[in-house]
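These numbers come from a predicted model, not from an experiment.
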Amino acid sequence: MERIFKMITVEIKKSDRLKSYYGESAFISFPYNDRIKDIVKSLRVHLFSPTTKKWEVEVEDIPKFIQKIGNSETINIITTQNVTSSGRGAVKSNTKAKPTNIDIDLKKLGINTKVLPHQLEAAAEYRSHNAMLLGDQAGLGKTLSSIIMSLDRQKEENFPCTLIICCVNDLKWNYYLEILKHTNLKPSNLRILGASFKKKSGITYNNCDQVENPLDLIAAMSIGTVKKRIEHLNEISSDPKNKVRFIITNIESIRDKGLLDTLRALIKAGFIGQIIVDEMHKIVSPTAKQTKAMLQLNAKNKVALTGTPLNTPIDLWPMMTWLGVEHSTYYAFKQHYCKMGGYENKEIIGYKNLEELYSHLNSVMLRRLKKDVLDLPDKIISTEYVEMESDQKSLYNQIHAQTAAMLDEILKSKNPLVHMLRLRQATGNLEALSRESNNQMYRNISCAKIERLKELVKERISNNEKVLIFTSWVEVVDIIKRELSEYMPLEISGRIKNKDEVKNLFQTDERYKVLVGTIDGMGTGHTLHAAQTAIFVDEPWTYSNFEQACDRIHRIGTHGTVNIITLVTKDTIDERVHCILQSKKSISEFLLNDNKMSKTERIKFLLDL
């Protein structure tokens, strides 16, 4: 395309200083003019070259530049056709169209399990890109998709290793098991950094392929120090007969400078040719060590996985930057997409330019929903209201009055939700209140939610069903396990180390009908579709976490109708939280970005004042 004018020249060609995801930049040149210069500098990224006298900007920002220039100047736009990086272009996001001529030979890749069409389509889509966000809804098998994508790229480019970084620590064991389950790879082809076999097990990396049950391997492993992880990397990379294809670690490990430097060196040498980051939406803080470290790991090929990509807008900066679709600093990103206010104008009070933000995100994202690609059984979501007895109601009203008296303090707080925690505990976590107030009387108060939970579980088990129970607090896990002890309930939470063993028992052993866990510990990364019912004793602060938790049982392999039951205590903060979540917002998003109500009105709404 070429339009010839006189004043401003915009040339689209191969990037120079800008690390563009597409491999292309727009180069703007013009006779010096303050107005045009200010417009260029208003764009998110703008790099000036004193040598060429040109501004290098993102191609996607050119329509905005032209719009701001208006009719007052003439523009000459020149594009160079077919300029891309490594021949790979932009991802088709949210598409239902199937790639044609998918010629991925799964047998040659060593895939030995059933692969669904949408998983194969993800791998085919990735063939055209160096960086991709796989944002499929939880339950669509992103782990298997990423394994196929990785093996296909390894076969194409012939690099030795893929690095898998799990942003939820316990998921490193899950990835290890999933690779062994779906491929012909052996335990000797995988390495969890720092994991060594206990001497008493008799297992070593030389004989581990002879162990038939992968769970026996995990049970025999223990994780060593960061020094041990570095030793593993050096040992693997220096071995001329290296067989390791996947290196697996957790996000916290890369905080260590020695380990980070070793990984960077192996990436630069081409030994690690690809990085997969699982649950990447967990990386949000720009100042966290692990975020800074992650942004330094720039392998040639990168895949981010998340079932909840459209989280709080400001949290997208690390993920988009790592994938190469965001080039501005965190400060510039925040100024461009956030409405600032509050104390010294430093608090985020809302968001702006969201259409532009999601357009950038969609340029690198492939996201499919279960309803579009799977023929799953029905998922019935219901709410059960419970009413408090007089003792619990009196306790709740007392705490509510104390919280209301702190309204001015809450309004000034950067995190108002902290002040509402005791109200939520009063609906179901009475033991935590007892401990905090040193008042043993609370322990003797009957909790309406727990009483109803016992009835629901009894009913389900009498029909030979299995049940998942979610809560936000480990204290409530303890209460539930005690109250349901006759059913031998299993537990998955942050304090449980052998999660995969627990999960396997629940999935395969008919003696175990009840699994209790925290939303943080059990709500992501686990397949628990042996259950037909999930019960939320309390809801998470965000709708995306609620969806993720529901998808533990409503996923590939689910049989029969799935029931999701949320217990809500009548005339309490539960009702307000439930109301907000049903609008598919997070509580923090509601407090920050509801344009119909002031901050004071929003907090009063939550407190029912």
Side-chain angles (χ1 to χ4, degrees), residues 18-22 24 26 42-45 57-68 89-97 122 125-126 128-129 131-138 140 142 277 279-284 286 291 302-340 348-373 542-545 547-548 581 583-586 588-595:
L18 188 62
K19 294 179 180 179
S20 172
Y21 170 73
Y22 303 103
E24 300 175 348
S42 72
L43 303 179
R44 294 181 314 142
V45 183
V57 303
E58 291 184 315
V59 174
E60 301 95 308
D61 284 341
I62 290 302
K64 181 190 294 185
F65 172 72
I66 294 173
Q67 184 180 25
K68 289 186 175 182
V91 174
K92 297 176 182 177
S93 67
N94 303 323
T95 178
K96 297 181 185 178
E125 185 69 53
Y126 181 50
S128 303
H129 318 291
M132 181 168 156
L133 168 60
L134 184 57
D136 284 350
Q137 187 178 12
L140 285 179
K142 290 187 293 297
V277 183
E279 302 288 352
M280 193 166 185
H281 63 277
K282 298 283 186 181
I283 303 178
V284 294
T291 304
K302 295 184 282 190
V303 178
L305 306 178
T306 174
T308 55
L310 302 179
N311 218 330
T312 306
I314 190 64
D315 293 341
L316 291 172
W317 180 81
M319 181 162 56
M320 293 176 67
T321 300
W322 184 71
L323 288 170
V325 289
E326 180 57 52
H327 309 292
S328 59
T329 64
Y330 177 75
Y331 175 80
F333 184 89
K334 184 165 70 171
Q335 292 299 312
H336 189 73
Y337 293 117
C338 298
K339 297 176 182 177
M340 308 303 292
I348 297 173
I349 61 172
Y351 296 99
K352 58 185 178 180
N353 302 321
L354 292 184
E355 185 176 342
E356 175 189 336
L357 174 64
Y358 293 141
S359 174
H360 281 284
L361 179 66
N362 285 335
S363 72
V364 73
M365 179 174 70
L366 177 66
R367 176 167 171 80
R368 283 79 57 86
L369 303 179
K370 285 187 294 187
K371 66 182 179 65
D372 296 327
V373 296
T542 70
Y543 186 79
S544 61
N545 285 351
E547 275 195 315
Q548 282 268 21
L581 290 182
S583 68
K584 299 190 178 182
K585 290 185 178 182
S586 69
S588 56
E589 183 184 3
F590 167 76
L591 290 176
L592 285 174
N593 203 34
D594 194 308
N595 296 323

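- One side chain, H327 or E58, offers a donor N or O that lies under 3.5 Å from an acceptor on the other.
- The shortest heavy-atom contact between T306 and H281 is OG1-ND1, 2.7 Å.
- For F65, there are no ring-ring contact (aromatic ring centres under 6.0 Å, His included) partners, not counting sequence neighbours.
- In this structure, K334 contributes its side chain and M340 its backbone to no donor-acceptor pair below 3.5 Å.
- Side chain of N362 to main chain of Y358: a donor-acceptor pair is present (N/O by atom type, distance under 3.5 Å, no hydrogens or angles).
- Side chains of E279 and Q548 form a contact here, defined as non-hydrogen atoms less than 4.5 Å apart.
- A 4.5 Å side-chain heavy-atom check between I348 and K339 finds every atom pair outside the cut-off.
- Taking 4.5 Å as the limit, every side-chain heavy atom of L305 sits out of range of all side-chain heavy atoms of V277.
- Checking side-chain atoms of D136 against main-chain N and O of G307 turns up no donor-acceptor pair under 3.5 Å.
- Proximity of a side-chain donor or acceptor of W322 to a complementary backbone N or O of W317 within less than 3.5 Å is not detected.
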Side chain to side chain contact (heavy atoms under 4.5 Å, CB included) assessment of F333 paired with I314: CA-CA 8 Å; F333 184 89; I314 190 64; 4.0 Å; yes
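- Between the side chain of E355 and the main chain of L357, no donor-acceptor pair closer than 3.5 Å is present.
- V303 has its side chain out of reach of M280: every pair of non-hydrogen atoms, C-beta onward, lies at least 4.5 Å apart.
- The shortest non-hydrogen separation linking A131 to L323 is CB-O, 3.5 Å.
- Proximity of V284 to M319: side-chain heavy atoms (C-beta onward) are nowhere separated by under 4.5 Å.
- Taken to the nearest 0.5 Å, the NZ atom of K282 stands 13.5 Å off from the OG1 atom of T291.
- You'll find the side chain of H336 stays beyond 4.5 Å of the side chain of S328, heavy atoms only.
- Between M365 and G135, the closest heavy-atom pair is CG-N, 4.4 Å.
- Within the 4.5 Å cutoff, the side chain of L316 has heavy atoms near those of the L361 side chain.
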From CA spacing to verdict: side chain to side chain contact (heavy atoms under 4.5 Å, CB included), S42, K68: CA-CA 10 Å; S42 72; K68 289 186 175 182; 3.0 Å; yes
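- Taking OG from S363 and NE2 from H129, the interatomic distance works out to 10.0 Å, rounded to the nearest 0.5 Å.
- Taken from CG in N353 to NE2 in H360, the straight-line distance is 9.5 Å, to the nearest 0.5 Å.
- In terms of heavy atoms, A122 sits closest to L366 at CA-CD2, 3.8 Å.
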